[in-house]
Amino acid sequence: MEKFESKSEFSGDAEVLKINRSDASKGRVREGDIAIDLPRGEEIKHGDVFGPSSNGKYYRIEINPEDVLKISLIGDSKDLGSALRLGYMMGGRHMEVLIDGDEAYIPLDLPRTKLEHFIEHTGLNVETQIIQKSITSGSGYFRGEEHEHSH
């Protein structure tokens, strides 16, 4: 088994290793004869490269697409105040979210009906749909942090 504990600065051709968001956020992956085990608190990001292996191979990470709830503000809710209200609701529930342009994408870690119930209670005019999308760390991505506070 090949084990990697740090990222590589290699920029050439690399074999693609597809992983899920959950493993990436933990910094640990076991895939075939490949093991990646980063120090606690480090995440594996889309495009990261690991290697070389004992036979000189490098591996480039791709985060698998997954079902996500796409939320679009529409009509009279397409303003800054509405966007802030939606963001406040998601943050208050420690939801992971990707903001990309005018849309928000929430991984379906909770049932769709529950997510839509939360959104409905904001009173905003929105359109939702389930799509496949890679949710990856980086610009526009926010992972809900577990900490205690009163609401």
Side-chain heavy-atom pair Y59, V49 within 4.5 angstrom cut-off: no
Listing, residues 67-74 side-chain donor-acceptor contacts under 3.5 Å, not counting sequence neighbours, or none:
residue : atom : partner : partner atom : Å
D67     : OD1  : Q132    : NE2          : 2.6
S72     : OG   : E103    : OE2          : 3.3

D13, CG atom: more than 12 neighbouring heavy atoms under 6.0 Å: no
Flag for S134-E66: side-chain donor and acceptor within less than 3.5 Å: no
Minimum heavy-atom distance E43-D48, with the two atoms named: O-OD2, 4.0 Å
Lys/Arg N to Asp/Glu carboxylate O, E96 vs R21, below 4.0 Å: yes
Sub-4.5 Å side-chain heavy-atom contact between R60 and E15: no
Taking every non-hydrogen atom, the tightest pair across I99 and A104: CD1-CB, 3.9 Å
Check: S54 and E2 side chains under 4.5 Å, non-hydrogen atoms: yes
N20 side, atom CG; I135 side, atom CD1 - distance, nearest 0.5 Å: 13.0 Å
Residues which pass salt bridge (Lys or Arg N to Asp or Glu O under 4.0 Å) with D23, listed by chain and number, not counting sequence neighbours: none
Least distance between heavy atoms, S8 atom then G51 atom: CB-O, 3.8 Å
Minimum heavy-atom distance M95-M89, with the two atoms named: CE-SD, 4.3 Å
Pairwise side-chain contact, R93 with F118, heavy-atom cut-off 4.5 Å (strictly under): yes
Any side-chain heavy-atom pair of D102 and K78 under 4.5 Å: yes
Set of residues satisfying side-chain contact (heavy atoms from CB on, under 4.5 Å) with respect to D37, sequence neighbours excluded: K3, R28
Contact check, side chains of I61 and I36, non-hydrogen atoms, under 4.5 Å: yes
Ring geometry between F4 and F50 (parallel below 30°, tilted from 30 to 60°, perpendicular above 60°): tilted
Side-chain touch I44/V29, heavy atoms, less than 4.5 angstrom: yes
Test item: L17 and I34 side chains (from C-beta on) under 4.5 Å apart, heavy atoms: yes
Closest non-hydrogen atom pair, S82 against D76: OG-O, 4.4 Å
